[in-house]
Peer 1: 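Submitted below is the structure of interest, expressed as structure tokens.
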Amino acid sequence: MDIVRLRGIGVSPGIAMGEVLLSKPVVFTARLEPIGQSQIEDELRRLARAIERTRQDLVHVKNMIREKLGEESTLVFDAHLLILDDPSLLQGLQNSIREEKARAEWALSKANSRYDQVFESLSDEYFRQRKADVSDVLTRIYRNLDARRERVKTPSKHHVLVAHELLPSEAALRLSRELTLGVALDMGGQTAHTAILARSLGIPTVLGLHDITGWVREGDFLIVDGTEGDVIINPPPAVRREYQAKKEKYDAYRLELTKTARLKSMTLDKVRFVPMANIELPEEAGMAMALGAEGIGLFRSEFIYLQSPALPSEEDHLAVYSKIVAAAYPNPVTIRTMDIGGEKSLPKLNIEQEPNPALGLRAIRFSLRNTGLFRTQLRAILRASRRKNVRVLLPMITEVEEVVEAKEIFEGVKAELRRAGEKFDEGIPLGVMIEVPAAAALTDLILSEVDFVSVGTNDLIQYYLAVDRANEFVSYLYKPLHPAVLRLIRSVIQSAQKTGKDVTVCGEMAADPLSAIVLLGFGLRIFSMNPIFIPRIKKALRAVEAGTAEKIVSEAMKLKTAQDVEEYVVEEVLVKHPDVFLMARPAEIRPSRAAR
Ligand code: PEP
Ligand code: MG
């Protein structure tokens, strides 16, 4: 018999094996059943009751999830309550009922397809994922129109959950750390709420399988390989055995990771280093800290703009920042002002299509052109800084003038807040991303204007080597260990060290054990990365001596090619510290957006 193997996107690593529990979706009506004029008021009341029940449900689920998973996992419900309170949503539904003389079911169904269209037309995957939140709220209201309709049941035995799509609040209810062995969905991608939740619960998950619900029946046996993104339906015994062995290996590795998270961040010769996390969603902060992050080294705040169809208000910004700041406290949180523009263009911002977006009106260039948006963001960051654990980071700085201009705006916003009697951290540190080669050459001058720098190797390498970081045709040229790149990064780290101010590397390079050892050898002490990679970097750096790394790297800098550097460093490190690379590099999770 042929083995049915489906390929999707592995969003939460590990292997799960078990019986399928199939979750049936709510199907919105496709029929307009007209009602009489006299029934309109009744229908509006029915809608209002369903909305009220939905509010009670959401508050109830939120409390339940708080108990089950902790405060940071409840954020999605705050978002849902906000959507529920959105006056334009209610108005739209009421108008549909009144104008079309239709039932509330029809009004909700229409609203759902309208939001579908709006979100589908947006090019960014993350953006499209946020549609799930709106859909979730509409589905709940729909269910609540009829008290007899099936409510979400909490499962009672071990299972692999298969569904077309899991609405965020359903995901929180249905996923149980004890009973849900794995998850496989038709829809979804890396940034879906289900993905984030599954990762924080440690449940192997594959999304984006397109039609797994068409392939399986309740009770089938399923293997979910969340590392590779594979799902195998009713596998023969030999395949089961193969995956059982893989599962045991992975579980042992996972245990090792958890242990590593609790160990001291110190090299063999007792040099302290600091692992930090790069995050894109507030929900990731808690998991990052659990994986051993000693703070958030980079919050890519542009994702706030990608989350809702409207522009975020100061309060929207503040809500997100406050959640991260609370999850990380007392550790620092570095909020990078929006890196919008370029390929992260937003229709709602009316950004012109540019012929060469990577070299265009991006990041700080965009903020300095749109000072209204910039000031709103800075006000919120300042308001979130009361507990003195917030730092501000400016992306894509090319020249000192930009730093000066941004600082003037920042000072202006501070003065405004003082006048309004708003409290904030008067000593809030301001830093700059070094990701344009020109800024790298000016590190010392830039540092005379700011408190710290953070090296964004993802962009720095792309601009220095003239290699599009997302273009697979030239990816063979994208080499972090290219001797030219190493010289540049070494010079940035060393000029920063002379000033005594902090320097971090927050590009993907910091997440690669070999590169991290090279950076350690250059004198780097703060490494910020996708949280999932923190344990392996901790393990690698704990297994070397900083002094030895320094010696090895200074020899490696005499070599001519990236390959020579790599071979030399690997050999030398292995001779001195054979267990450095022991923790294999599992294809844990594809480096998310950072490797766009
Ligand atoms: C970088 O460029 O290295 C960086 C961290 O920023 P982003 O990946 O968000 O461009
Ligand atoms: Mg960058």
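Note that ligands are numbered from 1 as they come in the structure, with each ligand's atoms numbered from 1 the same way. All heavy atoms count here, side chains included; hydrogens, waters and symmetry mates do not.
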Peer 1: So what does the Glu435 OE1 - the Mg ion (ligand 2) - Asp459 OD2 angle come to, to 10°?
Peer 2: 100°
Peer 1: If we set the cut-off at 4.0 Å for heavy atoms, which region of Glu508 has an atom near ligand 1: side chain, backbone, both, or neither?
Peer 2: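 Within the 4.0 Å criterion, Glu508 makes no contact with ligand 1.
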Peer 1: Are Asp339 and Arg362 close enough for a salt bridge, meaning some N to O gap below 4.0 Å?
Peer 2: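 Yes, this pair counts.
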Peer 1: Which of the numbered atoms in ligand 1 are below 4.0 angstrom from a heavy atom of Leu298?
Peer 2: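 Here the atoms of ligand 1 in question are 5 (C).
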Peer 1: Hey, does Met509 sit under 4.0 Å from ligand 1 if you only count heavy atoms?
Peer 2: no
Peer 1: Under 4.0 Å, heavy atoms only, figure out whether ligand 1 is touched by the backbone of Met396, its side chain, both or neither.
Peer 2: neither
Peer 1: Given that the side chain starts at C-beta and the backbone is N, CA, C, O, which of these parts of Glu280 lies under 4.0 Å from ligand 1, counting heavy atoms, or is it both or neither?
Peer 2: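 No part of Glu280 comes within reach of ligand 1.
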Peer 1: For Cys506, take its heavy atoms, then give the atoms of ligand 1 lying under 4.0 Å from any of them.
Peer 2: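 Near Cys506, meaning under 4.0 Å from one of its heavy atoms, ligand 1 has 5 (C).
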Peer 1: What do you reckon, is CD of Gln563 surrounded by more than 12 foreign heavy atoms closer than 6.0 Å?
Peer 2: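 Count not over threshold, so no.
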Peer 1: Do the charged groups of Glu572 and Lys551 touch, with an N to O distance under 4.0 Å?
Peer 2: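 No salt bridge links Glu572 with Lys551.
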Peer 1: Determine, using heavy atoms of Met433 and all atoms of ligand 1, whether some pair is separated by less than 4.0 Å.
Peer 2: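 It does; at least one heavy atom falls under 4.0 Å.
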Peer 1: Strictly by modelled atom types, are Glu294 and Ser265 linked by a side-chain donor-acceptor pair under 3.5 Å?
Peer 2: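 A pair is found: one side chain offers a donor N or O, the other an acceptor, under 3.5 Å apart.
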Peer 1: Measure from NZ or CZ of Lys323 to the centre of the six-membered ring of Tyr321 and say whether it is under 6.0 Å with the direction within 45° of the ring axis.
Peer 2: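 The answer is no, since Lys323 fails at least one limit relative to Tyr321.
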Peer 1: Go through the side-chain N and O atoms of Arg365 and Thr398 and say whether any donor and acceptor fall under 3.5 Å apart.
Peer 2: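 Looking only at side-chain atoms, Thr398 and Arg365 do form a donor-acceptor pair, the distance falling under 3.5 Å.
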Peer 1: Under 4.0 Å from a heavy atom of Gly456: which atoms of ligand 1 are those, numbered in the order shown and with their elements?
Peer 2: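 Under 4.0 Å from Gly456, ligand 1 has these atoms: 1 (C), 2 (O), 3 (O).
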Peer 1: Side chains of Ser301 and Arg336: donor-acceptor distance under 3.5 Å anywhere?
Peer 2: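 There is no such pair (donor and acceptor under 3.5 Å, judged by atom type) between the side chains of Ser301 and Arg336.
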Peer 1: At a threshold of 2.8 Å, where the distance has to be below it, does the Mg ion (ligand 2) have an N, O or S atom of Asp339 nearby?
Peer 2: no
Peer 1: Does either side chain, that of Ser528 or that of Asn278, offer a donor lying less than 3.5 Å from an acceptor on the other one?
Peer 2: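 The criterion, which ignores hydrogens and geometry beyond distance, is satisfied for Asn278 and Ser528.
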Peer 1: Return yes or no for this condition: an N or O of Asn458 is under 3.5 Å from an N or O of ligand 1.
Peer 2: yes
Peer 1: Show me which atoms of ligand 1 lie under 4.0 Å from any heavy atom of Arg362.
Peer 2: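 Contacts of ligand 1 toward Arg362, numbered from 1: 10 (O).
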